[in-house]
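Working notes for the structure below.
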Amino acid sequence: MGKPRVVYWFRTDLRLHDSLALKAALDLDPAVLWPIFTWDPHYVYRVKGGVNRFQFLLDCQKDLSESIQKLNTKSKLFVLREAPQTLFPKLFKAWNVTHLVFERDTDAYAKERDKTVIALAEKAGVKVITRSGRTLWDSDEVVAKNGGKPTMSTTQLQSAGRKVGQIPRPIPAPTYLPDPGDMPVKFTQDKPATEPDLNAPHRGGNDETYANIAGPNGDFAIATLQELGFSAAEATTPHRGGETLALRRLEEIFSDEEYAATFQKPKTSPAAFEPQSTTLMSPFLHFGALSPRLFYWRAQDLVEKYGKKASTPPESLTGQLLFRDMYFAAQAAIGAPFIQTLNNAYCRFIPWHLPSKIEATDMGDIAVSGQYHVDSPQAEKWFLRWKAGVTGFPFVDALMRQLRAEGWIHHLGRHMVACFLTRGGCYVHWERGADVFEEWLIDHEPACNAGNWQWLSCTAFYSQYYRCYSPVAFGQKWDKKGEFIRRWVPELKNLDEKYIYEPWKASIGALDKAGVKIEGDGLGTKRDGVYPGPMFDFGERRNVCMTAMKRAYSIGLHGNDDKVKDGTWKEL
Ligand code: FAD
């Protein structure tokens with residue numbers, strides 16, 4: 001038997017450092033090793049990713065490819081354009097592959113996909129090797145040590161984690177990579193490149209309209225934004241990706257030892273910008289350009305150095321990474337229903353407003369039926385104004401505009417806008433807010449996004465629904481002068497700081513002086529110097545929401561209750 005012929009499949013691990021999976025591949029002492037990435041139509045077509053996130057992903061791929069080339073000029077990241085479920089059986093045969101190696105991914109879709117690929121490999125006589133690396137501990141092992149249950153608190157995570165063992169210390173990047181073997185891909189008829197339709201429904205993995213498997217030039221190049229159906233000019237985020245940048249940023253963060261050792265999340269400002277007050281490592285972690293274990297150990301080593309002066313979980317930097325692992329392990333236990341209410345036994349059922357069409361003539365008060373708010377054109381309009389950043393509450397609008405433009409906002413900013421959309425203002429379903437985040441976040445992580453939306457809407461993880469964020473007082477706490485608002489809501493940039501959080505309270509004289517008019521609902525064509533009035537009385541809405549939450553809690557239904565599934569909850 002000859003030496004192994006190994007395909008190393010990069011997915012959410014776009015790095016060379018601290019990769020136990022890549023080490024396992026190299027430990028095989030391969031004759032050839034192909035580092036590949038497969039464009040999965042599930043991600044290209046189905047996931048609601050905006051251009052900013054795709055740009056970040058391509059940055060990570062380009063950087064990884066260059067790093068691979070530095071280790072072996074004959075190699076690079078070979079990008080193939082076909083769903084793994086249909087591509088691999090052909091590759092295994094045509095490339096005479098003996099081993100497939102990849103880092104485990106516990107996202108619900110990824111687990112299904114990998115199960116299929118593993119079965120196909122076994123059928124083809126290809127040995128599959130996987131290693132953990134996306135989280136501090138392997139999420140499935142955490143679940144097993146947590147009695148098969150989801151981790152619903154960081155305490156549960158830590159106690160299950162301790163049973164799994166110590167978080168592994170990071171390992172260095174490899175210093176060599178073997179040559180790749182031949183790469184014939186003439187096993188299907190190549191199709192001409194066509195513009196992918198990002199709104200097209202999921203094609204079930206056999207995508208015939210996507211470009212040639214080896215790319216438009218047949219050289220397995222990294223795709224361009226254009227190839228993915230975007231124009232490069234559409235990307236608006238200043239945040240760029242790649243392992244090199246991630247490691248450089250990590251060094252910068254930890255060069256300020258005091259900051260890193262004493263980091264306390266609740267004391268970091270959501271209104272800080274250029275620079276932001278937290279690390280902004282989340283998109284790198286999402287695409288695996290940074291190892292969470294490297295980040296963890298850099299922080300933990302400092303904690304040991306600083307002793308009692310160091311901050312502790314859950315507020316410390318290590319605590320932040322524990323939250324991340326907690327959501328991953330919760331998702332690993334619950335599976336696909338984790339990202340929704342329906343069929344999710346751990347998610348409280350709250351009868352949120354349901355989506356409905358806006359009728360221009362029907363903008364009246366919230367429709368109320370019995371104890372419940374039902375389909376509400378008014379709430380739908382609130383949702384649209386929230387998404388567009390024209391609620392008339394400047395702090396909320398500034399955050400939503402930053403999110404849309406840059407793909408990242410501070411954690412407490414996410415708290416503010418998520419609470420406002422759900423239990424602290426609009427009473428709109430958390431899944432609708434999570435959808436918007438999925439579209440715009442460059443760090444969108446299915447487990448963390450759904451889990452945090454559940455937390456903020458008090459449907460899971462957290463239940464203190466009577467603690468609400470005020471769109472006025474919360475922002476003022478951090479940024480009295482409203483600099484953050486002036487940056488993102490330029491209509492108000494000259495407004496006196498007395499009114500910057502509540503422009504509707506300003507006198508005509510103060511508004512005239514600032515060159516601003518309070519008018520309309522902010523939707524439709526923008527007019528210079530015009531900013532909308534608040535879309536509701538916040539105090540009133542907070543009380544309405546709280547009463548509704550109290551009632552929903554007292555009924556106590558969850559996403560898997562029959563009454564929720566068959567709609568008879570309405571009779572309660
Ligand atoms: P830091 O404060 O510097 O923390 C370091 C790292 O810890 C982060 O990079 C992140 O990986 C992790 N982390 C910190 N807080 C959390 C948390 N609450 N949950 C999970 N991980 C955490 N984070 C995502 O990575 N992807 C998401 O899709 C996402 N959606 C969110 C949606 C809502 C409604 C809310 C309230 C939070 C969401 N978060 C999400 C969590 C958190 O806001 C971001 O991880 C954090 O703001 C990223 O900025 P940072 O890297 O500067 O964080």
Side-chain angles (χ1 to χ4, degrees), residues 12 47-50 53 56 107 134-136 139 151 153-154 157 239 246 249-250 252-254 256 259-260 263-270 272-273 275-296 298-299 311 313-331 338-339 386 399-400 402-403 406-424 430-462 469:
T12 41
V47 172
K48 300 173 205 86
R53 187 158 82 245
F56 202 94
D107 275 353
R134 219 181 150 195
T135 41
L136 302 176
S139 300
T151 46
S153 68
T154 50
L157 172 88
H239 309 307
R249 294 246 332 107
L250 194 75
E252 282 164 17
I253 290 159
F254 284 96
D256 187 347
Y259 167 83
F263 181 96
Q264 283 177 283
K265 188 65 157 278
K267 292 193 179 158
T268 60
S269 167
F273 61 101
Q276 73 293 333
S277 60
T278 54
T279 66
L280 222 163
M281 280 301 178
S282 48
F284 297 103
L285 288 164
H286 169 64
F287 288 112
L290 176 68
S291 152
R293 294 180 301 221
L294 174 63
F295 191 178
Y296 176 88
R298 290 299 302 268
S311 52
E315 296 184 345
S316 63
L317 272 182
T318 52
Q320 303 316 300
L321 293 166
L322 294 175
F323 275 118
R324 183 173 178 272
D325 259 47
M326 174 188 83
Y327 289 122
F328 269 90
Q331 178 185 235
F338 181 68
I339 58 161
W386 173 85
L399 287 161
M400 290 306 292
Q402 185 193 22
L403 171 64
E406 302 201 332
W408 183 91
I409 51 175
H410 184 281
H411 182 59
L412 296 177
R414 299 182 201 206
H415 272 226
M416 174 73 246
V417 299
C419 179
F420 184 84
L421 181 70
T422 56
R423 66 186 169 86
W430 67 266
E431 288 173 27
R432 305 202 68 209
D435 273 357
V436 173
F437 272 36
E438 174 169 350
E439 187 183 342
W440 287 344
L441 279 178
I442 51 170
D443 65 18
H444 172 252
E445 191 76 82
C448 300
N449 192 38
N452 276 288
W453 271 96
Q454 289 168 19
W455 181 301
L456 264 301
S457 60
C458 284
T459 50
F461 296 101
Y462 184 75
Y469 289 91

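By convention here, the first residue in the shown sequence is residue 1. Counting starts at 1 for both ligands and their atoms, following the listed order.
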Can Arg324 and Asp443 be said to form a salt bridge (Lys or Arg N to Asp or Glu O under 4.0 Å), step by step? CA-CA 12 Å; Arg324 183 173 178 272; Asp443 65 18; over 6 Å; no

Parallel, tilted or perpendicular, as decided by the 30° and 60° cut-offs, for the rings of [Y] and [X]:
| X | Y | result |
| --- | --- | --- |
| Trp408 | His410 | perpendicular |
| Tyr469 | His415 | perpendicular |
| Trp453 | Phe437 | perpendicular |
| Phe254 | Phe295 | perpendicular |

Nearest heavy atom to [atom]: which of [options] does it belong to?
| atom | options | answer |
| --- | --- | --- |
| atom 6 (C) of ligand 1 | Leu321, Thr154, Leu280, Asn449 | Leu321 |
| atom 15 (N) of ligand 1 | His286, Met326, Lys265, Arg324 | Lys265 |
| atom 1 (P) of ligand 1 | Thr279, Asp443, Thr422 | Thr279 |

Looking only at protein heavy atoms, which one is nearest to [atom], and what is the separation?
| atom | result |
| --- | --- |
| atom 19 (N) of ligand 1 | Asn452 ND2, 3.1 Å |
| atom 4 (O) of ligand 1 | Gln320 CB, 3.5 Å |
| atom 43 (O) of ligand 1 | His411 ND1, 2.7 Å |
| atom 45 (O) of ligand 1 | Ser282 CB, 4.0 Å |
| atom 28 (O) of ligand 1 | Glu445 N, 3.0 Å |
| atom 36 (C) of ligand 1 | Arg414 CB, 3.4 Å |

Go through ligand 1 atom by atom and flag the ones less than 4.0 Å from a non-hydrogen atom of Leu456.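 So the answer, numbered in order with elements, is 36 (C).
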
Hey, which atoms in ligand 1 end up nearer than 4.0 Å to a heavy atom of Trp408?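 Listed by number with element: 48 (C), 49 (O), 52 (O).
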
Decide side chain to side chain contact (heavy atoms under 4.5 Å, CB included) for His286 and His444; before the verdict, give the C-alpha distance in whole Å, the side-chain angles of both, and the deciding distance to 0.1 Å. CA-CA 7 Å; His286 169 64; His444 172 252; 5.7 Å; no

Main-chain N/O of [Y] paired with [X] side-chain donor or acceptor, under 3.5 Å:
| X | Y | value |
| --- | --- | --- |
| Thr422 | Trp430 | no |
| Arg423 | Leu456 | yes |
| Gln320 | Glu315 | yes |

Under 4.0 Å, heavy-atom basis, I'd like to know which part of [X] is in contact with ligand 1: side chain, backbone, both or neither.
| X | value |
| --- | --- |
| Phe263 | side chain |
| Leu285 | side chain |
| Thr268 | neither |
| Phe437 | side chain |

Polar proximity ligand 1 side, His410 side, N/O cut 3.5 Å exclusive: no

Taking both backbone and side-chain atoms of His415, is any N or O found less than 3.5 Å from an N or O belonging to ligand 1?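 In fact, backbone or side chain, His415 has no N or O that close.
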
Non-hydrogen side-chain atoms of Phe328 and Thr151 separated by less than 4.5 Å: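 Result no, sub-4.5 Å side-chain heavy-atom pair not found.
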
Counting only heavy atoms not in Ile339, do more than 12 sit closer than 6.0 Å to its CD1 atom? no

